[in-house]
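Following: one structure in structure tokens, then a few remarks.
Note on naming: letters A, B, ... go to the chains in the order of the sequence lines (proteins, then strands), and numbering restarts at 1 for each one.
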Amino acid sequence: MAGPQAQWEFSCDLEVDYESEENASMVYAALAVDKELQPDKVKRQMSVSNGKLIVHFEAVEARFLRASFSAFVDVLTLATKTIEEFGQGMEL
Amino acid sequence: MKKMIALGFEGSANKIGVGVVTLDGTILSNPRHTYITPPGQGFLPRETAQHHLLHILPLIKSALKTAQITPDEIDCLCYTKGPGMGAPLQVSAVVVRILSQLWKKPIIAVNHCVAHIEMGRIVTGADDPVVLYVSGGNTQVIAYSEGRYRIFGETIDIAVGNCLDRFARVLTLSNDPSPGYNIEQLAKKGETFIDIPYVVKGMDVSFSGILSYIEATAVEKLKNNECTPADLCYSLQETLFAMLVEITERAMAHCDKKDILIVGGVGCNERLQEMMRIMCSERGGRLFATDDRYCVDNGAMIAYTGLLAYAHGTLTPLEESTFTQRFRTDEVHAIWREKNEPSNMNDGVSSQV
């Protein structure tokens with residue numbers, strides 16, 4: 001069990017360049033709704049800057065970092081594909 | 001006036017579906033895709049979510065195309081908030097949040113169980129029935145009272161569909177189109193009834209002990225040639241369904257309602273429908289049931305129920321469009337029912353003009 005003074009020694013960063021402040025903000029808004037399931041083990045910080053979505057993860061163990069990161073990338077990909085396929089100029 | 005149109009997303013278990021409906025219940029399109037695992041295996045959250053990720057976007061295109069509508073014509077986007085498996089639920093929620101921003105449409109979060117009930121009511125025309133909701137994840141006897149769908153009886157452990165699905169794995173029956181369907185077909189060839197525990201506790205039922213018993217007995221009896229797989233399927237179905245009929249009958253007496261509506265994936269089992277119909281006819285009531293197009297999870301049921309809520313002023317802000325594994329049927333305030341309460345509470349002998 002992680003104690004109250006848990007060490008956040010595992011971290012990683014992810015940056016996705018949408019080249020569009022609007023699209024980056026849309027993905028941010030969609031993914032910010034779901035909080036990390038174990039906030040005492042994994043922390044996620046997100047921001048949008050210059051059309052980029054910037055994500056920073058911190059975790060107490062490598063396996064928690066891996067699980068959170070990989071689940072996040074799956075939904076990030078889904079959100080991005082949704083914009084690509086149903087955004088401006090979509091074809092049915 | 002233009003008819004209101006909703007786009008609905010369902011992905012709480014092993015099916016991902018997208019439906020387009022209008023407020024009068026017309027289904028314009030309702031495509032879905034089922035994650036089918038090999039015989040002997042169940043579906044797990046992670047793999048199921050991967051399946052949904054792969055199919056959801058093509059399903060949206062197909063739903064819009066079949067319904068012959070453009071995003072402009074949609075009034076609202078509805079998604080399953082819960083109950084269900086977390087990772088699969090997230091797929092629909094994320095897509096809806098993006099589409100809501102792209103198309104500038106409001107979001108409506110929908111309770112999966114309530115959606116089954118509303119779909120059943122609009123398809124069959126059952127106005128105010130006792131509802132038996134039976135599926136792979138849920139087993140509840142429900143009736144509407146004072147603004148909510150109240151649970152009168154339910155399983156205290158696993159769902160009836162889960163019991164059937166897991167027994168199908170013991171026999172390594174195919175999961176295509178569903179394990180329950182294959183048990184139903186095999187049960188028709190059963191000849192000998194094998195005694196199985198019968199577990200009704202007041203208004204509630206329990207299936208996990210029955211499953212453990214038949215899992216252990218099946219292997220033994222089949223090895224000794226004491227019975228066939230068909231006999232086991234037949235005996236299991238008869239026992240489980242008799243329990244469901246018993247608690248449903250008790251709820252009917254308790255609520256003083258005559259009609260029964262069966263919804264949920266197990267609801268398309270024709271033997272269950274037949275047993276329930278016999279009980280109903282003995283009490284002078286009617287049975288309402290639907291086939292697999294409507295009782296199995298689908299996007300249209302979510303779209304329709306969300307649209308009912310939207311038409312009565314409910315919507316879900318983007319920041320609150322979460323999903324949850326636990327979401328009880330009676331947590332939902334069914335405002336759309338309050339405004340048209342059945343006026344004839346005394347079974348047709350109405351005193352109102």
* Please indicate whether B:Ile156 has more than 12 foreign heavy atoms, meaning atoms of other residues, nucleotides or ligands, lying under 6.0 Å from its CD1. => yes
* Members of residues 9-26 of chain A whose heavy atoms come closer than 4.5 Å to chain B ->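 Residues of residues 9-26 of chain A touching chain B at under 4.5 Å: A:Ser25, A:Met26.
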* A:Val33 versus B:Glu319, closest heavy-atom pair with distance ->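 So the two residues come closest at CG1-O, 3.8 Å.
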* To do: Would you mind reporting whether A:Asp74 and B:Gln50 have side-chain heavy atoms less than 4.5 Å apart?
  =>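 Heavy-atom side-chain distance check passes, below 4.5 Å.
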* Could you list which of residues 80-112 of chain B have a heavy atom closer than 4.5 Å to any heavy atom of chain A, in residue-number order? =>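 At a heavy-atom separation under 4.5 Å, chain A is reached by B:Gln90, B:Val91, B:Val94, B:Val95, B:Arg97, B:Ile98, B:Leu99, B:Gln101, B:Leu102, B:Trp103.
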* Structure fact -> Interface check, chain B: of A:Ala32, A:Ala71, A:Ser70, most non-hydrogen pairs under 4.5 Å belong to A:Ser70
* Residue part contacting chain B, namely of A:Lys35, when any heavy atom lies under 4.5 Å -> neither
* Gap between atom OG1 of A:Thr77 and atom CG of B:Leu53 - 0.5 Å precision ->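 These two atoms lie 8.5 Å from each other.
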